[in-house]
Amino acid sequence: MDFSLSEEQTLLRNSVQSFLAGRYDFDTRYSTINSETGWRPELWREMAELGLLAAPFPEALGGIDGGPVETMLLMEEFGRYMVVEPYLETVVMAGGLLRDAGSEAQQEAHLPGIIGGDSVWAVAWAEPQGRYNPADIATTASASDGGYVLGGKKAVVEAAPWADKLIVSARSDGRRRESKGVSLFIVDKAAEGVNCRDFRTIDGRRASEITLKDVQVGPEALIGELNAGLPLLQRMLDEATAAICADAVGCMKALNEATKEYTTTRKQFGVPIASFQVLQHRMVDMFIATEQATSMAIKAALKLDAEDAERERAIAGAKVQIGQSARYVSQEAVQLHGGVGVTDELNVGHYFKRLTAIARRFGDEDYHLRRYARTG
Amino acid sequence: MDMRFSDADLAFRDEVRAFIADNFPPELKDRSLYSMTRDDLLAWQRICHEKKGWAAPNWPKEYGGTGWSAVQKYIWNEENARAGTTPTNAFGILMLGPVLCAFGNEQQKEYFLPRILTGEHWWCQGYSEPGAGSDLAGLKTRAVREGDHYIVNGHKIWTTLAQHADWMFCLVRTDPEAKKQRGISFLLIDMTTPGVTVRPIITMDGAHEVNEVFLENVKVPVENLVGQENDGWTYAKFLLGNERSGIAGVARSREAIRKLKLMAEQESVDGEPLLETPGFSRKLAELEIKLDALEMTELRTLAAESQGRGPGPESSILKIEGTEIQQRVTELALEAVGHYGLVFTPPGPEAEAPAIGPDYTRGVAQRYMNMRKTSIYGGSNEIQRNIIAKMVLGL
Ligand SMILES: Cc1cc2nc3c(=O)[nH]c(=O)nc-3n(C[C@H](O)[C@H](O)[C@H](O)COP(=O)(O)OP(=O)(O)OC[C@H]3O[C@@H](n4cnc5c(N)ncnc54)[C@H](O)[C@@H]3O)c2cc1C
């Protein structure tokens with residue numbers, strides 16, 4: 001047993017750390033999230049040049065052969081800096097699906113664009129009525145003109161305002177919530193019939209409500225086999241969940257450092273407030289919550305390639321732990337900062353919002369508790 | 001023991017209920033305080049004042065208040081919460097009014113009290129400073145007497161809705177030599193005086209609710225001193241006692257839970273209403289039980305108050321439990337709306353557009369963020385626990 005990083009992994013982490021340290025200070029991020037577009041395409045290109053967008057792909061596909069641990073390392077740093085750019089959606093989610101289930105032609109057509117930073121993707125899997133269940137799909141796909149025609153509504157599609165390509169889950173057969181009959185399609189965001197209503201998310205990112213009306217796609221748009229998309233989707237969502245667990249860990253560590261720093265310098269009643277034992281214990285509990293979250297995030301990453309039930313249980317357990325830890329750490333960090341903790345000017349509130357968002361991405365505690373219990 | 005209201009109290013409740021139903025402008029129902037104009041915020045108070053003389057539930061009758069008993073005030077709050085009316089203005093009516101009634105001189109009462117009632121004057125509370133939050137008595141804003149004026153210099157912060165304010169009641173240091181709590185005075189400052197600058201602070205929910213107020217050589221006439229010089233701490237403590245009554249917010253939480261249930265009925269988890277899922281219904285029941293307990297605790301304080309035993313340090317229980325319940329309601333609402341909890345709609349033009357998800361999801365995330373303040377302000381919940389430890393348990 002060994003939880004230490006390899007030399008390459010350490011190098012990767014160092015390089016992303018120094019990359020972000022020089023480019024992602026709080027003020028720069030602040031003006032980015034409040035800008036018209038809400039992200040930095042030029043930074044995305046730099047990330048591509050550094051090879052970060054190639055991390056989870058095999059060398060044969062132009063990648064650097066990284067796996068879940070590499071994704072975890074990167075995501076933890078992205079969390080620490082609250083990176084808004086669509087690494088999760090483009091590289092981990094869409095890229096992961098194409099890597100695992102794309103045809104050779106699809107991989108050739110699309111992976112270079114992702115790895116090279118030329119193309120941004122978003123995955124439209126959730127629906128307004130479906131909460132967190134990826135099988136609860138009312139969007140339909142029917143055969144037409146040798147391809148398919150799609151119609152329906154997709155909810156809170158993160159990063160969609162920045163994307164040029166979408167992956168859309170739709171029902172080509174079966175009833176709502178049935179596991180068979182789900183198919184995955186590549187859709188040009190500019191295609192006729194794709195309508196987006198863009199909005200801001202609480203953590204300073206952007207998302208869209210997407211309406212699909214008679215959207216025609218060709219046969220080459222189908223990922224994997226017809227009606228067999230759900231296991232692919234589920235596997236990909238689990239990989240994404242593991243990734244945001246690491247993101248949350250980065251946020252929590254940053255919050256704990258900020259809280260320690262603040263409470264040891266802030267004085268009330270003539271002493272640093274960190275000298276009050278009640279606050280010390282709270283910070284100890286924040287620390288413990290973060291350690292427990294870290295453990296489960298590591299477990300999630302290491303179990304991603306296990307068989308389905310084992311993987312699902314590890315992911316569900318991690319998401320529950322991360323949800324609980326994130327809530328505790330974010331609420332206490334704000335509380336211990338007092339008034340400044342609730343302001344928009346300080347990073348603490350921004351971490352609070354990011355952790356609040358992560359806690360419900362890909363399913364909240366109740367959703368994953370049920371999943372965990374089911375797989376036990 | 002008897003937990004029923006008297007017949008007279010019940011008749012009073014019916015009267016209040018009917019008055020609200022007939023007079024509260026429906027377009028103001030449940031609006032967010034931080035997106036309302038000053039006139040909107042004052043509209044309900046003005047109606048109560050003009051039609052019934054009911055603008056100030058907590059003032060003595062002789063000054064234009066209602067002179068209500070503790071139970072009547074409770075009923076008034078309860079009925080207003082049920083109806084989703086605009087909450088009573090905290091600063092002028094709930095806080096400053098009683099201080100002036102008790103400690104103000106005749107001219108101050110005559111000039112200020114009627115203007116509070118009509119809403120001609122909006123007041124803000126200038127207590128906290130960057131270096132004096134929980135340790136309020138550590139405040140540094142200095143007032144130096146020069147002839148018939150004080151010259152005030154200092155920096156106040158977290159001043160709620162100072163952007164609307166005409167006046168600020170302010171704690172200032174008049175005797176820097178005296179021990180901390182001594183040497184503080186209670187001054188009334190006209191916000192239009194040269195040297196007063198208000199800078200907005202935006203909170204993480206995107207709202208403009210609080211401000212910094214800079215005071216630079218502000219000339220305040222000596223007649224705006226309340227009570228005795230250097231006795232300000234006494235008045236401030238008196239005011240805090242008033243601030244804490246009604247802080248439990250039981251009726252408002254009850255109402256918020258009712259709305260939460262409506263949301264959870266409409267959301268469905270794999271075909272089953274969220275409200276009926278074991279996980280969610282259990283959390284909701286636990287919360288309601290906490291609220292039931294708090295309601296009884298508040299009624300017990302109320303009964304004691306009616307028998308002449310004023311709200312003591314026990315009122316800290318109401319503050320702690322009340323705010324934690326309010327926070328929990330917004331947390332469960334956020335949980336209820338699923339993905340739509342990610343939608344950020346800062347106040348402004350975007351907030352007026354149709355909601356991104358179902359209508360009931362609008363603003364849910366912002367409310368969750370906004371309510372984090374409740375365990376920080378009004379004496380943080382840690383400070384309240386210190387008070388109970390010291391004053392109630394004698395530790
Ligand atoms: C939204 C909002 C509105 C407000 N409106 C007003 C207003 O209108 N007018 C006004 O004057 N003020 C207002 N306040 C200020 C409020 O009263 C202060 O924020 C509060 O007193 C806490 O002070 P602080 O922010 O400086 O935090 P600090 O006092 O620095 O506290 C930081 C943390 O340390 C803890 N702590 C401090 N001392 C102790 C101790 N002895 N033991 C244990 N823990 C301790 C606190 O509980 C808190 O968790 C408002 C605040 C907010 C957030």
Side-chain angles (χ1 to χ4, degrees), chain A residues 126-133 135-136 155-156 158 176-177 197 199-205 207-209 266-271 273 276 278-279 282 327 330-331 334-346 348-350 352-353 356-357 359-361 363-367 369-370, chain B residues 128 130-138 157-158 180 201-207 209-210 267-271 274 277-280 283 327 331 334-335 337-346 350 353-354 356-358 365-366 368-373 375-377 380-383 385-386:
Chain A
E127 300 199 354
Q129 81 292 343
R131 274 183 96 78
Y132 304 116
N133 182 354
D136 196 329
V156 193
E158 291 188 62
R176 233 179 95 185
R177 297 197 292 276
R197 181 163 171 219
F199 57 93
R200 288 161 189 255
T201 59
I202 53 175
D203 55 341
R205 305 183 81 219
S208 313
E209 288 293 279
R266 168 74 173 167
K267 282 189 175 170
Q268 287 289 275
F269 305 99
V271 292
I273 57 174
F276 301 127
V278 64
L279 299 193
R282 301 272 275 281
R327 192 175 66 233
S330 60
Q331 292 181 352
V334 168
Q335 182 69 22
L336 266 51
H337 276 81
V340 286
V342 304
T343 62
D344 186 50
E345 289 166 32
L346 192 72
V348 169
H350 292 262
F352 177 92
K353 292 192 276 186
T356 303
R360 55 219 73 242
R361 266 184 195 133
D364 62 9
E365 280 167 59
D366 274 11
Y367 174 78
L369 272 173
R370 279 198 302 278
Chain B
S128 306
S134 296
D135 182 15
L136 182 59
I157 194 168
W158 313 124
K180 252 178 147 184
I201 299 176
I202 304 301
T203 42
M204 64 163 129
D205 55 346
E209 174 178 343
V210 287
E267 286 285 321
S268 87
V269 182
D270 296 343
L274 176 66
T277 60
F280 197 81
K283 283 183 255 190
Q327 292 179 334
E331 193 172 339
L334 185 66
E335 200 175 313
V337 300
H339 292 289
Y340 291 107
L342 266 86
V343 178
F344 187 57
T345 333
E350 283 172 67
I356 299 289
Q366 278 84 318
Y368 170 65
M369 297 168 202
N370 189 273
M371 290 312 275
R372 301 319 306 168
K373 70 187 176 193
S375 49
I376 296 171
Y377 68 16
S380 77
N381 288 12
E382 288 75 26
I383 295 299
R385 286 183 169 89
N386 289 348

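Every chain is numbered from 1 and lettered A, B, ... according to where its sequence line falls, protein lines coming before strand lines.
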*Which atom pair, heavy atoms only, marks the closest approach of Val343(B) to Ile202(A)?*
O-CG2, 3.8 Å
*With chain A, which of Val337(B), Ile202(B), Ile201(B) has the greatest number of heavy-atom pairs at distances under 4.5 Å?*
Ile202(B)
_Nearest-0.5 Å distance, CG of residue Leu346(A) to OG1 of residue Thr203(B)_ = 13.0 Å
*Which residue out of Ser134(B), Ala365(B), Ala132(B), Gly279(B) racks up the most heavy-atom pairs below 4.5 Å with chain A?*
Ser134(B)
*Taking only residues two or more places apart in sequence, or in another chain, which ones meet His339(B) in a ring-ring contact (aromatic ring centres under 6.0 Å, His included)?*
Trp125(A), Tyr132(A)
*In terms of heavy-atom proximity below 4.5 Å to chain A, should Asp270(B) be classed as side chain, backbone, both, or neither?*
both
*Value rounded to 0.5 Å, distance of OG1 in Thr277(B) from OH in Tyr367(A)*: 14.0 Å
*asked:* Could you report the tightest heavy-atom contact between Val334(A) and Arg372(B), atom names first, then the distance?
replied: CG1-CB, 4.2 Å
*Most heavy-atom pairs under 4.5 angstrom with chain B, which of Gly339(A), Gly349(A), Pro128(A), Gly270(A)?*
Gly339(A)
_Please check: side-chain N/O of Lys353(A) versus main-chain N/O of Met204(B), any donor-acceptor pairing under 3.5 Å?_
yes
*asked:* I'd like to know which of Ser268(B), Ala137(B), Ser380(B) tops the heavy-atom pair count under 4.5 Å against chain A.
replied: Ser268(B)
*Where does Pro130(B) contact chain A at under 4.5 Å (heavy atoms): side chain, backbone, both or neither?*
backbone
*asked:* Applying side chain to side chain contact (heavy atoms under 4.5 Å, CB included) to Gln331(A) and Gln327(B), what does each step give before you reach the verdict?
replied: CA-CA 10 Å; Gln331(A) 292 181 352; Gln327(B) 292 179 334; over 6 Å; no
*What residue, out of Leu369(A), Thr201(A), Asp364(A), has the most heavy-atom pairs lying under 4.5 Å from chain B?*
Thr201(A)
_Under a 4.5 Å cutoff for heavy-atom pairs, which residue among Val342(A), Ile273(A), Val156(A), Val278(A) has the most contacts with chain B?_
Val342(A)
*Search all heavy atoms of Arg361(A) against all heavy atoms of Leu342(B) and return the closest pair with its distance.*
NH2-CD2, 3.7 Å
_Less than 4.5 Å apart, side chain to side chain, heavy atoms only: is that true for Thr356(A) and Met369(B)?_
no
_How long is the straight-line distance from CD1 of Ile356(B) back to CZ of Arg197(A), given to the nearest 0.5 Å?_
3.5 Å
_Pick from Arg327(A), Arg370(A), His350(A) with the largest number of heavy-atom pairs that fall under 4.5 Å of chain B_ = Arg327(A)
*With a 4.5 Å cut-off on heavy-atom pairs, point out which of Arg266(A), Arg176(A), Glu158(A), Lys267(A) contacts chain B the most.*
Arg266(A)
*Could you have a look at Val348(A), Val340(A), Asp136(A), Leu279(A) and say which one has the most heavy-atom pairs with chain B under 4.5 angstrom?*
Val340(A)
_Using modelled atom types and a 3.5 Å cut-off, is there a donor and acceptor pairing between side-chain atoms of Gln335(A) and backbone atoms of Ser375(B)?_
yes
_Any side-chain to backbone donor/acceptor pair from Gln268(A) onto Gly131(B)? Under 3.5 Å, distance only._
yes
_Ala207(B), part contacting chain A, at a heavy-atom distance under 4.5 Å_ = neither
*Tell me, side chain or backbone of Leu274(B) under 4.5 Å from chain A's heavy atoms, or both, or neither?*
side chain
*In terms of heavy-atom pairs under 4.5 Å, which option from Asn370(B), Leu334(B), Asn381(B), Asn386(B) contacts chain A the most?*
Leu334(B)
_Is Ala357(A) close to chain B through its backbone or its side chain, or both, or neither, when contacts mean heavy atoms under 4.5 Å?_
both
*For Tyr368(B), what residues pass the ring-ring contact (aromatic ring centres under 6.0 Å, His included) criterion, not counting sequence neighbours?*
Phe352(A)
*Using non-hydrogen atoms only, which part of Arg131(A) is less than 4.5 Å away from chain B: side chain, backbone, both, or neither?*
both
